[in-house]
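A note on names: the letters A, B, ... follow the listed sequences, proteins ahead of strands, and every chain is numbered from 1.
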Protein chains: 2
Amino acid sequence: MATGREIAQLCGVSVATVSRVFNQPETVNEDTRERVLRVAKELDYRPNESARALSTKQSTMIGLVWDTDHRRPGWRHPYLQDLLIGLKSALSAHGYHLLMLATSGDAREVGASLADPVGYVNMTRRHHLGGLVLIDSGSDAEAFESFAQSGFPCVALDVAVDGPRATYVTSDNSGGAREAVAHLLGLGHSRIATITGPPGNQPSDARLSGYRAALRDAGVEPRADYVVAGDFYRASGTAAVQRLLALDEPPTAVFASSDEMAVGALLAARAAGLRVPRDLALVGFDDIEIASVVDPALTTVAQDKPGFGVAAAKAIMAMITGGGREEPVVLPAKLVVRDSCGARQG
Amino acid sequence: MATGREIAQLCGVSVATVSRVFNQPETVNEDTRERVLRVAKELDYRPNESARALSTKQSTMIGLVWDTDHRRPGWRHPYLQDLLIGLKSALSAHGYHLLMLATSGDAREVGASLADPVGYVNMTRRHHLGGLVLIDSGSDAEAFESFAQSGFPCVALDVAVDGPRATYVTSDNSGGAREAVAHLLGLGHSRIATITGPPGNQPSDARLSGYRAALRDAGVEPRADYVVAGDFYRASGTAAVQRLLALDEPPTAVFASSDEMAVGALLAARAAGLRVPRDLALVGFDDIEIASVVDPALTTVAQDKPGFGVAAAKAIMAMITGGGREEPVVLPAKLVVRDSCGARQG
DNA sequence: CTGAAAGCGCTTACAG
DNA sequence: CTGAAAGCGCTTACAG
């Protein structure tokens, strides 16, 4: 691959001039500029990224922290692929690449595990990353917050962080949940239960508060036994419905904090001989692919998955360029009415 | 972050010695080595990756070519997330990071688009990548092959390439398809149709040949009108079944080359008033999450998705270390019998 | 076993 | 407008 020196020799200029042509084109004479450009194009010259990063202390890479250790709970939410695609595409448009950082599985660097914020800072420095995008895998919130304080640009997904150049993007979880439950209320239900995610998980907590707000709006008395905790995954939805059905006064409708749990709930209802939505109405959250395929098709609150990635890319680019912090982004979460809630039946 | 120079000063040695401690520890005196190590640990020293890559011409990154341009057909196969997780985890274990390269969407570098192999080579050189992992998005096969010839380590997924340090990993597509169709034959079907992927797509072609082999084994005459081409996506499965049902002698069983198409087929059968598997038996391929959730649950040929990633990581690390080419990896594809084929009914 | 030196390929003040 | 020089932080022959 051609180097700047070769271009320089071929054009009879110094390497400094070649460099200027690409970094401060306005400071170089038009004739020489065009000559350099022409030769560079002929030789398909591109500045070496390692050298550039070493010199400028700034690479064209954004780091992605996503702990895929299979012992961690949240590593494989089914919408991460869409999110990743949105993120990568949007970053690409700015000429940035996405570096998926090796995480704690990394045997060779136990001490430098990404599990702690020091690890994040180190990685960012060593690779001269423009910043970090942080995906929560279940219990990284404190580490994320701590990295956010470091001053490096960073945007966290679905976990609130604050720092001089930090922000986050999340869905309107409480609003979406509220709309979902209001919809159930509107269909005549008053015995509405909810299956939450892991307590402490921010989106889950927000959805729970949306559930409560909707009940309050409608003047429906909340019942503690109608709130059962799950972990976002399918089996916990099944278990939750089994518990709810065992109640003296079982609910007639269930709002699940994730589609996976809603599917689990569906399975439990079916196994108990109940028909959905006739005997039990169901609403989920996420709108993953399964939601529309299951029978009955799941009414759910849709999250804008690629939008997460795009928003994250936009925010981090803005912080790299601008220097200040960006406002948190709250994406709309919209109710998608299908068959499991009963709105479509007679 | 501490630099090698600081460590050197603190230890009263030269930077060369510090470097040696990390790269050729056996060549340095035990006492000084331990002194350096101790100080390095205290300051949490890590060599700067840009500098290291510039000097050694070898980074600790593997590039991933995955064109997510939404105009491309194959950008979002539903199992890519699992594959990615397997790949990243296995690479992490070797201390390597995964660089998701900006692709043709990259507005700033139209000329350097990854669409052509020159783009791949350039990227590899500029970032001193250890090699490339190539995911086919529909029509990259020639570009991949051409990159493979360049001599840089590379492993392609589901497309055969050859080169001095190139190999690929794929599933036993023909074997899996053969087993699926044999199973249908065993259940008494003889009018078995198939829905293929895009003609020319290697896995699809292999599955088709497996289908044919199974028929041949059983002495069943193949029929041209029982082979209809799809594109791996759902809608094409629906359209295919509509066509098949319009035949004078419609099939009693269908083998679809992907689960997505099988789901589309299921929908079409249902819409036509047919019950699956009673009126029409169905087998898919992939075993994506949807397969087990759909009703009836889909009998399908399971691919080892994380295994793809792990095998790719293993192969590329071997080629980086060893220098030669690796044998192609063919992962087992196993029939998973559920409800859509009729084996479980009376 | 260890240090001084050169080099990896670029960028950016500093002179001119 | 342009070149010479220094520097980014590391590695690796080359001497000693």
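- Between B:F152 and B:F147, the two ring planes are parallel [angle under 30°; tilted spans 30° to 60°].
- When only modelled atom types and interatomic distance are considered, A:R35 and A:N29 share no side-chain donor-acceptor pair under 3.5 Å.
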Annotated structure of DNA chain D as dot-bracket, pair cut-off 3.5 Å, Watson-Crick or G-U only, | for inter-strand, is |||.||||||||.|||
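- Looking at B:S19, its side chain never comes within 3.5 Å of a backbone N or O of B:V15 through a donor-acceptor pair.
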At under 4.0 Å between heavy atoms, which parts of nucleotides 2-12 of chain D does protein reach? Answer with one letter per nucleotide, 5' to 3': B base, S sugar-phosphate only, - none.
BBB--BBBBBB
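- Side-chain atoms of B:T124 do not come within 3.5 Å of backbone N or O of B:L129 as any donor-acceptor pair.
- Partner of A:N48 under the side-chain hydrogen bond (donor to acceptor under 3.5 Å, both in side chains) criterion, out of B:K57, B:R126, B:H128: B:H128 alone.
- Evaluation of the side chain to side chain contact (heavy atoms under 4.5 Å, CB included) rule for A:R325 yields A:D162 as partners, not counting sequence neighbours.
- With hydrogens and angles ignored, the 3.5 Å screen pairs a side-chain donor or acceptor of B:Q202 with a backbone N or O of B:A160.
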